[in-house]
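Quick caveat: nothing in here was measured; it's all calculated off a predicted structure. Values below: every heavy atom of this structure, side chains too, minus hydrogens, waters and symmetry copies.
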Amino acid sequence: MATLKQLQSTLKLTFGIVPIVAGLDKFTNLLTNWVDYLGNNKSMIPFDPMTFMKMVGVIEIIAGILVLVRPLIGAYVVMAWLICIALQLIIGGNYFDVAVRDLVMAIGAYTLAQLTKMQTAGNR
C-alpha cells in the first residue's frame, strides 16, 4: 500500500514537471499552437498573442519549480492557475473538454496541498 509520502511525492513530481514542460512548450509550440486556446479573447490582449503565451510559459515554469521546491505553496499556485485557465476557456466559448480537464487537475493540485499539510503535521 502506498504511503502518504509516496502519494505526495507522485503528485509533487506531476505538478512540478507538467507545468515546466507546458511552459517550455509555449516557446516552441511542439505540443500544440497555444495561441489557439485564447479563442475570442485574443482581441482583449493589448499586445501580440504569442508574446502573451510566452509570458504564460514563464509563469508556468515558475509555478512548476515552486511545486518542486515549496510543494504546499506551489500546489495552491498551480491550483489557482488551472482554475483561471479553465475559466478563460469557458468564457472564450471553446475547449470545454480542456477546461474540465484543468478543473480536475486543479483538484489534484489541491490534494497535493492537503497531503503536504498532512505530511508536515505528521513530522512534528
query: Is a side-chain N or O of Asn29 found less than 3.5 angstrom from the main chain of Trp34, in a donor-acceptor match?
result: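 It does hold such a pair.
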Validation row: [X], [Y] side chains within 4.5 angstrom (heavy atoms):
| X | Y | answer |
| --- | --- | --- |
| Leu7 | Thr3 | no |
| Ile20 | Phe15 | no |
| Leu4 | Leu115 | yes |
| Leu112 | Val67 | yes |

Hey, could you give me the [atom1]/[atom2] distance between [X] and [Y], rounded to the nearest 0.5 Å?
| X | Y | atom1 | atom2 | value |
| --- | --- | --- | --- | --- |
| Tyr76 | Arg70 | OH | CZ | 13.5 Å |
| Leu87 | Leu103 | CG | CG | 7.0 Å |
| Lys54 | Ile59 | NZ | CD1 | 15.0 Å |
| Trp81 | Ile62 | CH2 | CD1 | 10.0 Å |
| Leu38 | Met53 | CG | CE | 5.0 Å |
| Gln6 | Leu11 | CD | CG | 12.0 Å |

Considering only residues two or more places apart or on different chains, which pairs with a residue in [range] satisfy salt bridge (charged side-chain N to carboxylate O under 4.0 Å, His left out)?
| range | result |
| --- | --- |
| residues 24-49 | Lys26-Glu60 |
| residues 78-90 | none |
| residues 83-100 | none |

- request: Can you sort out the partners of Ile17 under side chain to side chain contact (heavy atoms under 4.5 Å, CB included), two or more places apart, ordered by chain and number?
  value: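 With neighbours one apart ignored, the set is Leu13, Val21.
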field: Any residue meeting salt bridge (charged side-chain N to carboxylate O under 4.0 Å, His left out) with Lys12, in chain and number order, not counting sequence neighbours
entry: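 Once residues adjacent in sequence are excluded, Lys12 has no partner under the salt bridge (charged side-chain N to carboxylate O under 4.0 Å, His left out) criterion.
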field: All pairs passing ring-ring contact (aromatic ring centres under 6.0 Å, His included) where residues 86-112 contributes a residue, at least two apart
entry: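 ring-ring contact (aromatic ring centres under 6.0 Å, His included) check on residues 86-112 returns Tyr37-Tyr95.
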